[in-house]
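Below is one structure, written out as structure tokens, with a few remarks after it.
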Amino acid sequence: NVVKVAKRYDIGYNAMLNANPQLDLTRRFPSGAPMVLPTQHILPNNIRNGIVVNLPEMRMYYFPQGSNQVLTYPIGIGKIGKTIPIVNTKITRKAKDPVWIPPQDIREFNLEQGIVLPKVMPAGPDNPLGPYAIYMQIPTYLIHSTIFPESVGKRASFGCLRMYEGDIETFFPSIERGIPVAIINQPNKLGWQGKQLYLEAHDPLEEHSSAFDATLPGIVHTITLATKDHPILVDWQLVAYIAQERDGVPHDIGTTLN
């Protein structure tokens, strides 16, 4: 079962799908079938502080203060048209066993399905927030656990960021009011390891699929800027392949010449 494998290795559903296009993840895996587990990640560019949420990647990075450690977790994000705003914000509070006040758009959506939601839903097994909720300065958008673990790594929510319960359980105790949160849109990431340059490409958000950085020329421009001070031999054929496939896996695309 793909959800069990994804949870075990802390990977989102779409990340599993993109890294294993040869497998039908809706069915049982054939015994002995090889599978790519995308557990290596290039850090988002520039920001090394607080919480960084990279929407196209459907992954969150947390840089605990006073530490050189980074923690990373898969997340579920908003459906098309319901994406959390791409802004810098802050944590305002957190709650264990939170009550849920369904926003109007969720009430209307459920009403169309014949479901009348209560105005206030107490904590419990039916509460979609699960046992942990973290609130930000952006009203109605939360980071929370979920009773739908299969939605982690998908565009499934009304804007909130969903986490596996086991992940938020470890993340929750260290979260305090005032921690900065950067919501970013970075479908392509570059990173150096020694003399090697790596590229990791994800599908762009549908709302931003025509943006320059979602195109091959955009990736070429980003690589050119990142390497202007480094004489480097880049495998441009591989770059074109990665831009097409967007498998979410870091690829070694070049070596510095000195």
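Excluded from the calculations below are hydrogen atoms, water molecules and symmetry mates; all remaining heavy atoms, backbone and side chain alike, are included.
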Is it true that, when you exclude [X] itself, more than 12 heavy atoms of the residues, nucleotides or ligands shown sit nearer than 6.0 Å to its [atom1]?
{"X": "Lys119", "atom1": "NZ", "value": "no"}
{"X": "Gln113", "atom1": "CD", "value": "yes"}
{"X": "Lys94", "atom1": "NZ", "value": "yes"}

Partners meeting side-chain contact (heavy atoms from CB on, under 4.5 Å) with [X] (sequence neighbours left out):
{"X": "Ser67", "answer": "Pro64, Gln69"}
{"X": "Leu233", "answer": "Leu257"}
{"X": "Val120", "answer": "Val99, Ile101"}
{"X": "Asp97", "answer": "Ala123, Pro131"}

Working to the nearest 0.5 angstrom, can you tell me the gap between [X] [atom1] and [Y] [atom2]?
{"X": "Ile51", "Y": "Lys90", "atom1": "CD1", "atom2": "NZ", "value": "13.0 Å"}
{"X": "Ile253", "Y": "Leu197", "atom1": "CD1", "atom2": "CG", "value": "4.0 Å"}
{"X": "Leu199", "Y": "Asp235", "atom1": "CG", "atom2": "CG", "value": "11.0 Å"}
{"X": "Ile47", "Y": "Asn54", "atom1": "CD1", "atom2": "CG", "value": "9.0 Å"}
{"X": "Gln22", "Y": "Met35", "atom1": "CD", "atom2": "CE", "value": "8.0 Å"}
{"X": "Ile143", "Y": "Tyr62", "atom1": "CD1", "atom2": "OH", "value": "10.5 Å"}

Item checked: All ring pair (Phe, Tyr, Trp, His ring centres under 6.0 Å) counterparts of His221, not counting sequence neighbours ->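 Ring pair (Phe, Tyr, Trp, His ring centres under 6.0 Å) list for His221, sorted by chain: Phe212.
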Check: By ring pair (Phe, Tyr, Trp, His ring centres under 6.0 Å), which residues pair with Tyr13, not counting sequence neighbours?
Finding: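 Not a single residue meets the ring pair (Phe, Tyr, Trp, His ring centres under 6.0 Å) criterion with Tyr13.
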Next item on the list: Taking side chain to side chain donor-acceptor pair (under 3.5 Å) as the test, write out the residues that go with Asp247, two or more places apart.
Entry: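 For Asp247 the side chain to side chain donor-acceptor pair (under 3.5 Å) partners, ignoring immediate neighbours, are His251.
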Checklist line | Thr92: partners by side chain to side chain donor-acceptor pair (under 3.5 Å), with sequence neighbours left out | finding: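 Thr92 satisfies side chain to side chain donor-acceptor pair (under 3.5 Å) with no residue once adjacent residues are dropped.
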Item checked: salt bridge (Lys or Arg N to Asp or Glu O under 4.0 Å) against Glu207, all qualifying residues, sequence neighbours excluded ->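 Counting only residues at least two positions away or on another chain, Glu207 forms a salt bridge (Lys or Arg N to Asp or Glu O under 4.0 Å) with Arg155.
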Next item on the list: Report the residues that fulfil salt bridge (Lys or Arg N to Asp or Glu O under 4.0 Å) with Asp105, sequence neighbours left out, ordered by chain and then residue number.
Entry: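 So Asp105 forms a salt bridge (Lys or Arg N to Asp or Glu O under 4.0 Å) with Lys82.
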Which heavy-atom pair separates [X] from [Y] by the least distance, and what is that distance?
{"X": "His208", "Y": "Ala214", "answer": "O-CB, 4.1 Å"}
{"X": "Ala201", "Y": "Ile242", "answer": "CB-CG2, 3.7 Å"}
{"X": "Val36", "Y": "Val249", "answer": "CG1-CG2, 4.4 Å"}
{"X": "Leu216", "Y": "Ala240", "answer": "CD1-CA, 4.0 Å"}
{"X": "Ala15", "Y": "Pro38", "answer": "O-CG, 3.7 Å"}
{"X": "Phe148", "Y": "Pro128", "answer": "CE1-CB, 4.4 Å"}

Listing, residues 160-168 side-chain donor-acceptor contacts under 3.5 Å, not counting sequence neighbours, or none:
from	atom 1	to	atom 2	distance (Å)
Arg162	NH1	Ser151	OG	2.9
Tyr164	OH	Ile11	O	2.9

Next item on the list: Might you work through the side-chain contact (heavy atoms from CB on, under 4.5 Å) test for Val52 and Phe63, ending with a clear yes or no?
Entry: CA-CA 8 Å; Val52 180; Phe63 300 87; 3.9 Å; yes
Check: Is a side-chain donor-acceptor pair under 3.5 Å present for Tyr61 with Glu57?
Finding: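 Yes, Tyr61 and Glu57 have a side-chain donor paired with an acceptor closer than 3.5 Å.
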Check: Step by step, would you call Gln196 with Asp252 a side-chain hydrogen bond (donor to acceptor under 3.5 Å, both in side chains)?
Finding: CA-CA 6 Å; Gln196 306 305 120; Asp252 179 354; 2.8 Å; yes
Check whether any side-chain N or O of [X] sits under 3.5 Å from a backbone N or O of [Y] as a donor-acceptor pair, and report yes or no.
{"X": "Gln186", "Y": "Asn45", "value": "yes"}
{"X": "Lys189", "Y": "Ile42", "value": "yes"}
{"X": "Asn188", "Y": "Asp213", "value": "yes"}
{"X": "Arg59", "Y": "Leu55", "value": "no"}
{"X": "Thr146", "Y": "Pro149", "value": "no"}

Next item on the list: Show your reasoning for whether side-chain contact (heavy atoms from CB on, under 4.5 Å) applies to Phe109 and Phe158.
Entry: CA-CA 10 Å; Phe109 175 81; Phe158 275 75; 3.5 Å; yes
Next item on the list: Hey, can you tell me if His230 and Trp192 have their rings parallel, tilted or perpendicular (30° and 60° cut-offs)?
Entry: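 Ring orientation, 0 to 90° scale: tilted.
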Linking I/L/V/M/F/W/Y whenever any side-chain heavy atoms sit under 4.5 Å apart, do [X] and [Y] land together?
{"X": "Tyr73", "Y": "Val2", "value": "no"}
{"X": "Ile138", "Y": "Ile75", "value": "yes"}
{"X": "Ile84", "Y": "Leu142", "value": "no"}
{"X": "Leu71", "Y": "Met60", "value": "yes"}
{"X": "Met16", "Y": "Met58", "value": "no"}

For residues 175-185, which side-chain N or O atoms pair as donor and acceptor with protein atoms under 3.5 Å away, sequence neighbours left out?
none

Next item on the list: Applying side-chain contact (heavy atoms from CB on, under 4.5 Å), run through Glu108 and Gln104 and close with a yes or a no.
Entry: CA-CA 6 Å; Glu108 289 171 1; Gln104 189 60 31; 3.2 Å; yes
Notebook entry, point to check: Hey, mind stepping through Ile219 and Val239 against side-chain contact (heavy atoms from CB on, under 4.5 Å) and telling me if it holds?
Noted result: CA-CA 8 Å; Ile219 293 178; Val239 169; 3.9 Å; yes
